[in-house]
Amino acid sequence: MALAPVKDMDHLVLTCADVATTISWYTTHLGMTAQTFTSGSDPSTPRHALLFGTHKINLHQRGREFEPKARTALPGTADLCFLLDDGVDMDGFRSIFD
């Protein structure tokens with residue numbers, strides 16, 4: 001398999017039991033900023049994130065996760081989403097996780 005150099009971390013995804021409670025805790029106790037946004041693939045569904053510095057944590061409600069998502073998304077689990085060099089063929093990586 002070819003090397004796929006990571007350029008940067010795009011965001012982290014945190015699956016939570018309750019999005020509102022998670023937002024409240026992180027903004028109150030850690031000073032993060034809450035953000036509501038929509039995706040171009042589904043502009044009718046609001047999504048939520050926490051911002052701090054140059055970083056972003058997207059929040060997924062357990063049982064209502066957005067694609068792509070972890071195979072076993074449970075409250076407290078997280079996914080790292082990296083930005084790779086242009087031209088990386090992701091199809092070769094999918095077979096590793098299936």
Side-chain angles (χ1 to χ4, degrees):
M1 178 179 310
L3 181 66
V6 173
K7 293 192 311 188
D8 204 348
M9 187 170 91
D10 187 62
H11 64 278
L12 176 101
V13 176
L14 177 64
T15 301
C16 50
D18 184 297
V19 170
T21 300
T22 301
I23 290 171
S24 177
W25 194 90
Y26 280 83
T27 57
T28 301
H29 298 288
L30 297 179
M32 294 185 185
T33 301
Q35 177 190 57
T36 300
F37 66 100
T38 58
S39 167
S41 63
D42 185 8
S44 65
T45 302
R47 297 184 182 205
H48 302 281
L50 296 163
L51 307 174
F52 62 103
T54 60
H55 307 289
K56 180 178 180 182
I57 302 173
N58 286 351
L59 301 175
H60 285 193
Q61 175 72 46
R62 179 184 184 188
R64 291 185 282 173
E65 297 87 1
F66 300 102
E67 294 293 340
K69 66 178 186 284
R71 184 177 303 165
T72 308
L74 299 172
T77 61
D79 302 317
L80 293 172
C81 301
F82 296 109
L83 296 172
L84 303 178
D85 283 339
D86 294 335
V88 173
D89 178 14
M90 290 305 296
D91 290 335
F93 289 94
R94 295 188 204 300
S95 63
I96 295 171
F97 301 105
D98 290 335

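- Under the side chain to side chain donor-acceptor pair (under 3.5 Å) criterion, Thr54 pairs with no residue at all, not counting sequence neighbours.
- Between Asn58 and Lys56, some side-chain heavy-atom pair lies under the 4.5 Å cut-off.
- Placement of Met9 and Leu14 within a single hydrophobic cluster is found when ILVMFWY residues are connected by side-chain heavy-atom separations under 4.5 Å, directly or transitively.
- By the ring-ring contact (aromatic ring centres under 6.0 Å, His included) test, Phe82 is found to be paired with no residue, residues two or more places apart in sequence or in another chain being considered.
- Considering all non-hydrogen atoms of both residues, Cys16 and Leu59 come closest at SG-CB, 4.4 Å.
- Two residues are said to be in side-chain contact when any heavy atoms from C-beta on lie closer than 4.5 Å; Thr33 and Thr27 fail this criterion.
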Taking distance alone, no hydrogens or angles, what donor-acceptor pairs closer than 3.5 Å link side-chain atoms of residues 17-24 to residues at least two apart or in another chain?
from  : atom 1 : to    : atom 2 : distance (Å)
Asp18 : OD1    : Ala20 : N      : 3.1
Asp18 : OD1    : Thr21 : N      : 2.7
Asp18 : OD1    : Thr21 : OG1    : 3.0
Thr22 : OG1    : Asp18 : O      : 2.9

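- Within the structure, the ring pair (Phe, Tyr, Trp, His ring centres under 6.0 Å) test picks out the following pairs touching residues 8-31 (sequence neighbours left out): Trp25-His29.
- Among all heavy-atom pairs drawn from Ala34 and Leu50, the shortest one is CA-CD2, 4.4 Å.
- Applying the side chain to side chain contact (heavy atoms under 4.5 Å, CB included) criterion to Ser39, with sequence neighbours excluded, gives Ser41, Arg47.
- Using a 4.5 Å cut-off on side-chain heavy atoms (C-beta onward), Asp10 and Asp8 make no contact.
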